[in-house]
Amino acid sequence: TYTVRAYGQNSNGTFKELACSPKTYTVAGYGQPLSDGEYYINNKEHGKYLHNTSSTINVASGTLNNLGSTIKWTLQKYNDGYVIMDTNSSKYLCVPSGNYETQNTSSRAVSSGKSVECIWDIVLSDTTGCVLRSRYNGRYLFSDGNTIYTSPEIGAANTSNRYTKTWRIV
């Protein structure tokens, strides 16, 4: 939160505060930018939607008529982050438990939700979208165009590597 005050320059070159009410603003730069609700999650690099079948999470392209509710997700604030739940099966998007510091690991859906492996930070990215970072292991959700993984690196701004980790949530 910061306060904005108006100043004017005197004839002698000094500044003084003008006689008006200060205005206070709260900035949501790094925080959680979305309200609870149902969303479609679309990868910026590949243009495919986060997709959940009964057995796997991947990405899929197509129209809303064809893909239907398999690409609709419920985002809900939880423990200062978000849980992301498939609207069909009520399964949560989670990362595998364990230590995966150097390799890309697949994400998974589980029926028992709201465990620490299922909490995500949704952070505004500098590439016109959001990045989804696991609260459990700090890894970023990304797609290679077919499969969903997590990666320890976010990638440089405005590169294909970063765009694979950038999601448009609509």
Side-chain angles (χ1 to χ4, degrees), residues 27-89 91-110 113 115-170:
V27 178
Y30 190 76
Q32 310 297 336
L34 298 171
S35 300
D36 289 2
E38 292 183 348
Y39 294 91
Y40 299 99
I41 302 173
N42 180 265
N43 184 262
K44 180 172 181 153
E45 176 69 7
H46 303 289
K48 294 183 177 181
Y49 291 94
L50 189 62
H51 177 251
N52 191 22
T53 66
S54 59
S55 61
T56 186
I57 296 175
N58 56 20
V59 289
S61 60
T63 64
L64 294 179
N65 286 338
N66 293 341
L67 297 172
S69 60
T70 63
I71 59 169
K72 190 181 284 188
W73 298 84
T74 299
L75 277 63
Q76 180 183 27
K77 291 178 190 149
Y78 184 75
N79 282 355
D80 295 324
Y82 281 90
V83 289
I84 302 171
M85 183 179 71
D86 172 55
T87 56
N88 273 340
S89 65
K91 291 183 178 179
Y92 291 85
L93 177 66
C94 304
V95 295
S97 57
N99 185 6
Y100 297 96
E101 292 181 2
T102 58
Q103 64 195 38
N104 294 333
T105 57
S106 296
S107 294
R108 62 190 174 97
V110 296
S115 66
V116 67
E117 293 94 345
C118 303
I119 301 173
W120 299 86
D121 289 321
I122 299 175
V123 183
L124 296 175
S125 175
D126 60 352
T127 57
T128 64
C130 299
V131 291
L132 283 68
R133 186 181 60 232
S134 167
R135 182 70 61 82
Y136 175 72
N137 61 14
R139 297 170 69 90
Y140 298 92
L141 187 72
F142 83 96
S143 172
D144 65 0
N146 298 304
T147 308
I148 297 298
Y149 297 101
T150 59
S151 170
E153 301 296 327
I154 193 169
N158 299 316
T159 63
S160 178
N161 186 19
R162 171 71 71 89
Y163 294 157
T164 63
K165 298 169 187 84
T166 301
W167 300 88
R168 296 173 285 211
I169 301 175
V170 295

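All values reported here derive from a predicted model rather than from experimental measurement. Basis for what follows: all heavy atoms, side chains included, without hydrogens, waters or symmetry-related copies.
- Judged by distance alone, with hydrogens and angles left aside, the side-chain atoms of Arg139 form no donor-acceptor pair with the main-chain N or O of Val95 at under 3.5 Å.
- Taking 4.5 Å as the limit, every side-chain heavy atom of Asn52 sits out of range of all side-chain heavy atoms of Thr70.
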side-chain contact (heavy atoms from CB on, under 4.5 Å) between Ile148 and Leu50, intermediate numbers included: CA-CA 8 Å; Ile148 297 298; Leu50 189 62; 3.6 Å; yes
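- Residue Trp167 comes nearest to Leu141 through the heavy atom pair NE1-O, 3.1 Å, listed as atom of the first residue, atom of the second, then distance.
- Listed for the Lys72 side chain is no donor-acceptor partner under 3.5 Å among the backbone atoms of Gly68.
- Arg135 contributes atom CZ, which lies 7.5 Å from atom CG of Asn79 (distance to the nearest 0.5 angstrom).
- Taken from NZ in Lys165 to OG in Ser160, the straight-line distance is 8.5 Å, to the nearest 0.5 Å.
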Chi angles and distances behind the salt bridge (Lys or Arg N to Asp or Glu O under 4.0 Å) call for Asp121, Arg133: CA-CA 5 Å; Asp121 289 321; Arg133 186 181 60 232; 3.0 Å; yes
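- Formation of a donor-acceptor pair under 3.5 Å by the Asp144 side chain with backbone atoms of Asn146 is found in this model.
- Shown here for Cys130 and Leu124, the closest heavy-atom pair between the two residues is SG-CD2, 4.2 Å.
- Considering only residues two or more places apart in sequence or on other chains, Ser69 meets the side chain to side chain contact (heavy atoms under 4.5 Å, CB included) condition with Thr87, Asn88.
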Cys94 vs Tyr136, side-chain contact (heavy atoms from CB on, under 4.5 Å): CA-CA, chis, key distance, verdict: CA-CA 9 Å; Cys94 304; Tyr136 175 72; over 6 Å; no
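- Put simply, the side chain of Ile122 reaches to within 4.5 Å of the side chain of Leu132, judged on heavy atoms.
- Note that CD1 of Ile84 and CG of Leu75 are 5.0 Å apart. Values are rounded to the nearest 0.5 Å.
- A donor-acceptor pair under 3.5 Å is absent between the side-chain atoms of Trp73 and the main chain of Leu93, judged by distance alone.
- For Ile154, the side chain to side chain contact (heavy atoms under 4.5 Å, CB included) partners two or more places apart in sequence, or in a different chain, are Val131, Tyr140, Arg162.
- We find the CG-OG distance between Asn66 and Ser61 to be 10.0 Å, quoted to the nearest 0.5 Å.
- By the 4.5 Å heavy-atom criterion applied to side chains, Tyr40 and Leu64 are counted as neighbours.
- Side-chain atoms of Ser115 and Glu117 form a donor-acceptor pair, as typed in the model, at a separation below 3.5 Å.
- Checked by atom type and distance alone, the side chain of Asn43 pairs as donor or acceptor with a backbone atom of Thr164 at under 3.5 Å.
- The OG1 atom of Thr166 sits 11.0 Å away from the CG atom of Asn42 when rounded to the nearest 0.5 Å.
- For the side chain to side chain contact (heavy atoms under 4.5 Å, CB included) with Lys48, the qualifying choice from Ile41, Val59, Asn58 is Val59, the only one to do so.
- Judged by distance alone, with hydrogens and angles left aside, the side-chain atoms of Asp36 form a donor-acceptor pair with the main-chain N or O of Lys77 at under 3.5 Å.
- With contacts defined as side-chain heavy-atom distances shorter than 4.5 Å, the pair Ser134/Trp120 qualifies.
- Scanning all heavy atoms of the two residues, the minimum distance from His46 to Ser143 falls at NE2-O, 3.3 Å.
- Distance OH/Tyr82 to OH/Tyr92: 15.0 Å, rounded to 0.5 Å.
- Between Thr74 and Glu38 the shortest side-chain heavy-atom distance falls below 4.5 Å.
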